[in-house]
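Keep in mind that what you see is a predicted model, and the values were worked out from it rather than measured. Whatever order the structure lists them in is the order used to number ligands and atoms, beginning at 1.
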Amino acid sequence: MGINDELGFDARVAIVTGAGQGMGREHAKMLASRGARVVANDINAERAAETVAEITVDGGVAVADSNDIVTAAADIVQTALDAFGQLHIVVNNAGINAFGRFWEMDSETWWRVFDVSVKGVVEVSRAAMPHLIASGSGRLINVSSNALMGVPLDSAYAAAKSAIWGLGNTLAAEAKEVGVQVSTVLPVAWTPMTEDAFRDPVVQDAMRAHVPASAVSAFVAWLAHQDTTVYGEAFEVAGVAAARTAFSVMPRMKTAEPTPESWAASAGDLMQDGGLEPLRNASQSFRGQMVYLAPELDTVLPADAADVSVR
Ligand SMILES: NC(=O)c1ccc[n+]([C@@H]2O[C@H](COP(=O)([O-])OP(=O)(O)OC[C@H]3O[C@@H](n4cnc5c(N)ncnc54)[C@H](O)[C@@H]3O)[C@@H](O)[C@H]2O)c1
């Protein structure tokens, strides 16, 4: 495969949620421009229709869908089946954000941010899964964010995006058994959402130049392609730059006794920086801790348990 060989989707059917603007619109256009038939979902019906108009004027195939991913996920999947009879690809892109101190934000706003990200992804994925399995080349791509590490004044969004990360890693391992490849992207792009968040004109100019939304779409389209064998990872993506992400631990340390006083005396050691050990999954974390304490388990606990990596 060379850089000039186009990745064609051969009329495969894709749902892109939140496709009315920003990255979602670009994902829909990118997939359609390479021959996928696309359901452009957005709760904003007018903007979903605009996306479809942009696709069809370029000779692509798409239908608009304005169902809410939180409350009407099955209807979105039905739109794909009614229009195209099958479903191969889902890009769970829709998301919203709201800023405020955790203890000051009203409960309704907090849960709406969380629900659009988490419940929306769960419900759309649940409705889509039987059809992705049946397609024989199912691809599920969930959109998380580097905000999963925690961002002050953004607790609902951070909580939601870390939930998507854990969900995606779990689904990747489960869905591998049924031939569906699940991946997570943590994008950075210049969109209406970031226009709100970054007000410095120098940052805005750099984002416009280096991280257009369409660049993330190129990465998403590659992951979504039927010949792609890379999956089961969470990737940081911005413009032409990307990285696999990993959960890591610093060197393990032991305290003298299992008492609060002993931990108080060990705090300095615990808080020291050190070399990182990347952990690929929860089994590796468990194994690392247990073998550290009980070396006889080194030959008992499997080293590659639940590893969904394709490398
Ligand atoms: N822009 C970034 O740099 C960035 C960084 C990290 C993660 N993300 C994530 O990437 C995704 C896309 O971001 P964006 O910047 O393009 O956002 P955006 O705000 O420009 O677009 C999101 C779209 O989702 C739609 N939407 C909202 N709620 C919906 C619902 N319930 N059902 C259907 N559609 C709904 C909105 O109408 C909107 O058109 C989001 O999940 C976002 O959290 C963005």
Checklist line | Evaluation steps, side chain to side chain contact (heavy atoms under 4.5 Å, CB included), between Val52 and Val63 | finding: CA-CA 6 Å; Val52 169; Val63 293; 5.6 Å; no

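- Evaluated by nearest non-hydrogen atom to atom 3 (O) of ligand 1, the leading choice among Gly95, Ala189, Ala238 is Ala189.
- Using a 4.0 Å cut-off between heavy atoms, Pro187 contacts ligand 1 through both its backbone and its side chain.
- Note on Lys29 versus Asp58: no salt bridge recorded, every NZ/NE/NH1/NH2 to OD/OE distance being 4.0 Å or above.
- Using a cut-off of 4.0 Å between Lys/Arg side-chain N and Asp/Glu carboxylate O, Asp68 and Arg112 are scored as salt-bridged.
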For residues 120-128, dump all side-chain donor-acceptor pairs below 3.5 Å to protein atoms at least two apart in sequence or in another chain.
residue, atom, partner, partner atom, Å
Ser125, OG, Asn92, ND2, 3.0
Ser125, OG, Val121, O, 2.6

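- Applying the 4.0 Å criterion to heavy atoms of Arg47 picks out, from ligand 1, the atoms 37 (O), 39 (O).
- Across Asn92, Thr194, Val121, Val116, heavy-atom proximity to atom 28 (N) of ligand 1 is greatest for Val116.
- Applying the side chain to side chain donor-acceptor pair (under 3.5 Å) rule to pairs touching residues 210-221 yields His27-Ser217, sequence neighbours excluded.
- Contact annotation: for Trp190 versus ligand 1, there are no heavy atoms closer than 4.0 Å.
- For a threshold of 3.5 Å applied to N or O pairs, the pair formed by Asp68 and ligand 1 contains at least one separation below that value.
- Within the 4.0 Å heavy-atom shell around ligand 1 one finds Asn93.
- Not a single heavy atom of Ala147 sits less than 4.0 Å from an atom of ligand 1.
- Taking every heavy atom of Val188 and a limit of under 4.0 angstrom, the matching atoms of ligand 1 come to 3 (O).
- Residue contacts with ligand 1: Arg112 is included, with a non-hydrogen atom under 4.0 Å away.
- Within the listing of ligand 1, atoms 9 (C), 10 (O), 11 (C), 41 (O) sit less than 4.0 angstrom from a heavy atom of Val143.
- Residue-to-ligand polar distances place Ile69 within reach of ligand 1: an N/O pair is separated by less than 3.5 Å.
- The aromatic rings of Trp111 and Phe114 lie perpendicular to each other, with more than 60° between the two planes, well past the 30° mark.
- Under 4.0 Å from ligand 1, not a single heavy atom of Thr17 appears.
- Less than 4.0 angstrom separates some heavy atom of Gly22 from each of these atoms of ligand 1: 16 (O), 20 (O).
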